[in-house]
Amino acid sequence: MAGTAPRPESPSGRAPEVLIVGAGFGGIAAAIELRRHGITDITILEKAADLGGTWFYNSYPGAACDVPSHLYSFSFAQRRDWSRLCSPQAEIHAYLHEVAHRYAVDRLVQTNTTVTSCSWDAERCRWSVATASGSVHEADALILATGQLDQPSRPRIEGADGFAGHSFHSAEWDHSYPLAGKRVAVIGTGASAVQFVPEIAPVVEHLSVFQRTGNWFMPRRNRRYNRTIKTAIERVPALQALRRRFVFEYTESLTVSIRHPNTFGRIARARSIQFMRSQLKDPAVREKAWPDYTFGCKRILFSSYYLPALQRPNVELVTDAIARITPTGVVTAAGAEHELDCLIWATGFKTTDFMFPMRVSGSGGADLHEYWSGGAHAHLGMCVPGFPNMFVMYGPNTNTSGGSIIVYLEAQAAYIRQALQQLRARGAAAIEVRAEVEATSDRALQARFAGTAWTQCDSWYRDENGRIVTNWPGYMREYLEQTRELDVSEFSFVALPKPAAVVSA
Ligand code: NAP
């Protein structure tokens, strides 16, 4: 598939060639689904040295998934030997490797390949994909599976470039740097910081945790399964299915509380308050750590270890705004200087940028970045008018605050597979969502945010215009229902160009 050689005439009914960008859970799910349905000409381009996506990059101490593994795993590749309820990063990464190998899609992954641009050739109905190394790949269809949590974000803080100590982002953890005995600062207190702060706090000499906004917490101990539980799960297959079902329903109940902040949200909030009060014994830390926004507006954090860590004698929770960074530390607006050896950015990701800075141009050279300048939107998060044969995975409005993203990715893989099957069945060259269908579904989706907790604070779910562009506004089961069967009336098809008439001499 690599190279720019002219495409052989495509016989009607042949399976499309597919390029997938990103070998995380999304890209691997798509490749497995397509191969299982006879679409086998697939290349997966991955910028990292290994497959895994977020589970390759995020290897900070304590990195784990806070969604139980029964649900944070493929429905068709259930494991019954997870070490604990919420698996650590290495176990999840190994799982994805193992599944990719079992379904023979690991060999489709081309690592160390950074895609720089993708452009649609309307005449030939082909996508052309250029990489940083200068290679060009072509295919009939393009699946962008780079996700929402791909590009680490480092806020611009005055003086940050001049910091003379060591520094790194949580998603680019420097395992070669010994933190023992060091004065360390963490900027940011989201889901990542909450996992690694309890791990590094006992090791460092002093830890300053810079918090801009407090969080709502729920308990999560996540101890290793004992032998009895492990044996029961391994020996009774129905138990696994039952637990998966239970976790599915439990996570849906989190969405209930987010969708109904004044009723169910208050009940969940009361549980969180009770838990946080029991954990925050120190009144000064309690006051500082306490959130001041509606429960569920930002991601609810699950940890039974983070709040106690904040109360260690060598840890300081700093809530004064950061004024600037000097070569030796962080200075707050109150004028206090925190001298440091190491600064860790736990400031999250450029979530609303999606696959940018990659350049994506569709019909007539339309630029996706410009098309989304008012906020990203796509039909069911996957299909964009003007970008035929292109599909986005974990795209606009498909993040979940409560559920498992794997459930969404599997649904997306099956939906995209159906679209490509339609191409083949109709002998068509291109499939494209109709603009009015996408506009209507986007309006309906945005309207569903009204009255929910998501609208009641600022968060990484919103773009600079305040539009919520990352999250799905409803339940997992609604997304499954809406994506289960591709409605062909929502799409237009481009017929294959007729083969040129043979002129005999
Ligand atoms: P995040 O949730 O976006 O948190 C970023 C943190 O940095 C926030 O506390 C934010 O404060 C702070 N921050 C950003 N800019 C700042 C600035 N200029 N000055 C001071 N503080 C600043 O990032 P994350 O913790 O890496 O998590 C990102 C997402 O990854 C999560 O929401 C979740 O979806 C996923 N994740 C999942 C798991 C899991 O177990 N499933 C684990 C880790 C991450 P504000 O709150 O005030 O903006």
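Atoms within each ligand, like the ligands themselves, are counted from 1 in listed order.
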Output yes when the distance from some N or O of ligand 1 to some N or O of Ile157 is under 3.5 Å, and no in every other case.
no
Going by heavy atoms, is Cys65 under 4.0 Å from ligand 1?
yes
Can you check whether Cys86 and Cys65 have SGs under 2.5 Å apart?
no
Please write down residue, atom name and distance for the protein heavy atom closest to atom 18 (N) of ligand 1.
Pro155 CB, 3.2 Å
Flag for Arg312-Asn314: side-chain donor and acceptor within less than 3.5 Å:
yes
Name the option, out of Gly188, Ala191, Ala64, that contains the heavy atom nearest to atom 7 (O) of ligand 1.
Gly188
So, does Ile322 sit close enough to ligand 1 that a heavy atom of it is under 4.0 Å from the ligand?
no
For Glu337 and Thr328, test the side chains for any donor-to-acceptor distance below 3.5 angstrom and give the result as yes or no.
yes
Winner among Thr54, Thr351, Asp66 once heavy atoms are compared against atom 40 (O) of ligand 1
Asp66
So, do Phe354 and Pro396 sit near enough that their side-chain heavy atoms are less than 4.5 Å apart?
yes
Under-4.0 Å heavy-atom contact with ligand 1, by part of Ala346 that carries it
backbone
Are His97 and His101 an aromatic pair, judged by ring center distance below 6.0 Å?
no
Here the atoms of ligand 1 under 4.0 Å from any heavy atom belonging to Thr189 are 6 (C), 8 (C), 9 (O)
Any side-chain donor-acceptor pair under 3.5 Å between Gln412 and Tyr479?
yes
Counting only heavy atoms not in Arg462, do more than 12 sit closer than 6.0 Å to its CZ atom?
yes
Near Gly190 (heavy-atom distance under 4.0 Å), the atoms of ligand 1 are 2 (O), 4 (O), 6 (C), 9 (O), 25 (O)
List the closest protein heavy-atom neighbour of atom 19 (N) of ligand 1: residue, atom name, distance to the nearest 0.1 Å.
Arg212 NH1, 3.9 Å
Less than 4.5 Å apart, any side-chain heavy atom of Pro291 and any of Met276?
yes
With distance as the sole test, does Tyr293 use its side chain to make a donor-acceptor pair with the main-chain N or O of Gly214 at under 3.5 Å?
yes
shortest atom 23 (O) of ligand 1-to-protein heavy-atom contact is with Gly348 CA, 3.1 Å
For Tyr60 and ligand 1, answer yes if some heavy atom of the residue is under 4.0 Å from a ligand atom, otherwise no.
yes
For ligand 1, indicate whether the residue Gln211 contacts it via side chain, backbone, both or neither (heavy-atom separation under 4.0 Å).
neither
At the 4.0 Å heavy-atom cut-off, does Val67 count as touching ligand 1?
no
Checking the side chain of Asn397 only, and the main-chain atoms of Asn471 only, is there a donor and an acceptor separated by less than 3.5 Å?
yes
His377-Tyr371 aromatic ring centre distance below 6.0 Å
yes
If you measure from each non-hydrogen atom of Phe349 to ligand 1, which part falls under 4.0 Å: side chain, backbone, both or neither?
side chain
What do we get for Trp345 next to ligand 1 when only non-hydrogen atoms under 4.0 Å count, side chain, backbone, both or neither?
neither
Output yes when the distance from some N or O of ligand 1 to some N or O of Ser170 is under 3.5 Å, and no in every other case.
no
Would you confirm whether the ring centroid of Tyr95 sits within less than 6.0 angstrom of the ring centroid of Trp82?
yes
When you measure from the centre of the six-membered ring of Phe246, is the NZ or CZ of Arg243 closer than 6.0 Å and no more than 45° off the axis?
no
Quick one: look up the protein heavy atom nearest atom 24 (P) of ligand 1 and list residue, atom name and how far away it is.
Ser192 OG, 3.3 Å
Which bit of Leu149 is near ligand 1, meaning a heavy atom under 4.0 Å away: side chain, backbone, both or neither?
side chain
Starting from atom 3 (O) of ligand 1, which protein heavy atom do you reach first, and at what distance in Å?
Trp460 CD1, 3.2 Å
Just going by heavy-atom distances, which of Arg220, Arg299, Lys298 is nearest to atom 46 (O) of ligand 1?
Lys298
Heteroatom proximity flag, Asn399 to ligand 1, N/O under 3.5 Å
no
Test ring pair (Phe, Tyr, Trp, His ring centres under 6.0 Å) applied to Phe196 and Trp173, Tyr306, Trp345, the passing residue:
Trp173
Go through ligand 1 atom by atom and flag the ones less than 4.0 Å from a non-hydrogen atom of Thr213.
45 (P), 46 (O), 47 (O)
